[in-house]
2 protein chains.
Amino acid sequence: MANAADAAYAVIRGRILDGTFAPGARLKEADLVEFCGVSRTPVREALRRLAAEDFVRIQRNQGAEVKTWSDDDLDDLFDLRALLEGHAAAAAARQISPQQLQRINDAIAEMDAVLASTAPQAEQVAQFLRLNRIVHETVWEAAGSGRLQSMLGRLVEQALIAHTARHYSLARVAQSHHHHQELLDALTAGDAVWAEALMRGHIRAARLTLKAPQS
Amino acid sequence: MANAADAAYAVIRGRILDGTFAPGARLKEADLVEFCGVSRTPVREALRRLAAEDFVRIQRNQGAEVKTWSDDDLDDLFDLRALLEGHAAAAAARQISPQQLQRINDAIAEMDAVLASTAPQAEQVAQFLRLNRIVHETVWEAAGSGRLQSMLGRLVEQALIAHTARHYSLARVAQSHHHHQELLDALTAGDAVWAEALMRGHIRAARLTLKAPQS
DNA sequence: GTGCGCCTGATTGTATACATTAACGCTTCA
DNA sequence: TGAAGCGTTAATGTATACAATCAGGCGCAC
């Protein structure tokens with residue numbers, strides 16, 4: 001990351017994902033110059049890139065702001081995500097490698113440990129989300145399509161922005177955990193239809209959770 | 001398009017799509033400055049945007065070149081396209097408007113006329129491709145997902161770049177025409193399963209055509 | 001003769017100055 | 001008092017100058 005443009009991109013993106021720059025917040029180039037410690041040129045490049053990835057919205061001569069997501073947008077997003085993740089799960093079931101299966105298995109075992117621990121709930125949830133990401137990314141990887149992988153990565157992160165201040169209940173996490181365990185069974189059995197059905201349900205359940213009043 | 005950056009983007013993109021800038025061709029900023037009649041700043045912005053859309057490939061400190069597509073890349077691309085276009089067709093079957101149905105109907109009628117005409121074959125094919133685009137875009141629109149629509153638009157154009165010097169046989173065009181006619185039946189009947197199956201087949205047939213030695 | 005290293009030219013990356021645009025507030029007139 | 005028009009100002013859009021980097025070639029040493 002010797003690049004000024006890459007550095008600016010990483011900084012701004014990070015601040016959007018962690019909620020420092022909330023949805024709707026105006027992103028003035030001059031402010032970002034100070035914030036990132038580089039000149040306007042790389043800042044502009046970073047903003048354009050973020051706009052291409054749907055993280056910010058740029059209007060001509062009116063600057064950039066963190067993109068906001070309506071409920072309909074999120075329905076749309078999760079519909080697509082369910083389709084694509086389901087497709088990925090089916091493809092993965094057909095051709096996943098033993099190493100990849102093992103990685104998912106390990107992640108699930110770690111989830112077990114995390115949920116059984118006495119750590120603060122926030123910490124448990126954070127750990128769970130990290131492991132969750134590993135499970136999903138391994139499935140994408142096993143599906144063997146770089147294009148699908150990058151699309152899904154973007155969709156997931158867009159969903160994150162919309163719910164920066166998210167509170168997952170332990171009940172929700174436990175449900176998700178069960179999905180993962182069953183998914184592992186389906187992948188191990190090489191049952192594409194089963195894996196796809198499970199994954200679609202898993203994603204739709206996640207959408208419902210984000211819709212409900214947060215607990 | 002009062003913008004210099006937009007103008008540069010449109011020019012470069014056009015030249016890539018029409019084959020003037022062939023896959024693999026190096027795109028030097030200085031050359032593009034002359035070519036587009038704007039300074040390096042908007043040219044760079046255009047290139048970054050094209051890179052984000054997978055039309056060009058940028059390596060740090062080594063400039064940009066028109067992206068090349070391997071056979072595997074194209075298989076991957078068409079797999080995804082079949083999935084997404086199929087999904088769009090299914091959604092469209094459930095909710096397409098009478099106006100949209102009419103538009104598809106009109107396009108197909110025009111195709112009939114084009115294929116029955118005595119115009120030069122190249123002209124017939126060009127007209128057919130234009131109408132083909134209308135049919136597909138109407139289906140995407142009827143599916144009601146902006147995100148799906150933009151994804152498909154990009155996938156289609158990426159496929160075009162890879163086959164700039166493409167020769168479609170009239171036989172292939174006629175096959176495609178039959179697909180469209182049957183798709184219209186499925187959409188009119190509101191049969192989502194039928195529409196999806198047809199569309200998936202339609203896209204996979206297209207992939208095979210591009211793979212075969214060109215006639 | 002071959003391989004390594006430096007040097008040079010060309011090209012991209014960055015900073016900054018200037019041009020342009022649009023929003024906001026003021027003034028003025030009805 | 002309200003609304004319309006204009007000027008100011010603060011932001012983005014563009015051009016250009018300068019810095020950093022990489023590829024290729026030449027020369028030297030082994």
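Atoms considered below: every heavy atom in the structure, side chains included; atoms not considered: hydrogens, waters and symmetry mates.
Atom CG in A:L47 sits roughly 13 Å away from atom C1' in D:dA11 (whole-Å rounding). The CD-P distance, from B:Q59 to C:dT12, rounds to 12 Å in whole Å. Regarding B:R60, its CZ atom lies at a distance of 13 Å from the C1' atom of C:dT14, rounded to whole Å. Atom pair A:L32:CG and D:dA11:C1' shows a separation of 13 Å (rounding to whole Å applied). The distance from atom CG of A:L27 to atom P of D:dA10 is 20 Å, rounded to the nearest whole Å. To the nearest angstrom, C1' of C:dA19 lies 11 Å from CG of A:N61. Taking atom CD of B:E34 as the reference point, atom C1' of D:dT16 lies 16 Å away to the nearest angstrom. Between the CZ atom of B:R40 and the P atom of C:dT12 there is a distance of 7 Å, given to the nearest Å.
Regarding contacts with the backbone of D:dG13, a side-chain N or O of A:R48 is found under 4.0 angstrom from either OP1 or OP2. An OP1 or OP2 oxygen of D:dT12 is reached within less than 4.0 angstrom by no side-chain nitrogen or oxygen of A:Q62. Within the 4.0 Å cut-off from OP1 or OP2 of D:dT14, at least one side-chain nitrogen or oxygen of B:N3 is found. Side-chain N/O atoms of B:S39 include one lying less than 4.0 angstrom from OP1 or OP2 on D:dA15. Contact annotation: B:R44 does not reach the phosphate of D:dT16 (side-chain N/O to OP1 or OP2, under 4.0 Å).
For the pair A:R15 and A:F21, the NZ or CZ position fails the cation-pi test of under 6.0 Å to the six-membered ring centre and within 45 degrees of the ring normal.
Remark on DNA chain C: of its neighbouring residues B:T41 and B:K28, the 5'-side contact belongs to B:K28, judged by nearest-heavy-atom nucleotide.
Side-chain proximity of A:E29 to D:dA11, D:dT14, D:dG13: nearest is D:dG13. Checking D:dT14, D:dA11, D:dA15 against every side-chain atom of B:V38, the shortest atom distance belongs to D:dA15. Comparing D:dA11, C:dG13, C:dT12 by their closest approach to the side chain of B:R26 singles out C:dT12.
In this structure, B:E45 reaches neither bases nor backbone, as no heavy-atom distance under 4.0 Å exists between it and the strands shown.
A donor-acceptor contact shorter than 3.5 Å links the side chain of A:T138 to the backbone of A:I134.
The ring of A:H87 has its center no closer than 6.0 angstrom to the ring center of B:H87.
Residues A:E141 and A:Q100 bring a donor and an acceptor atom of their side chains to less than 3.5 Å of each other.
Salt bridge annotation for A:R44-A:E29: present, with a cationic side-chain nitrogen under 4.0 angstrom from a carboxylate oxygen.
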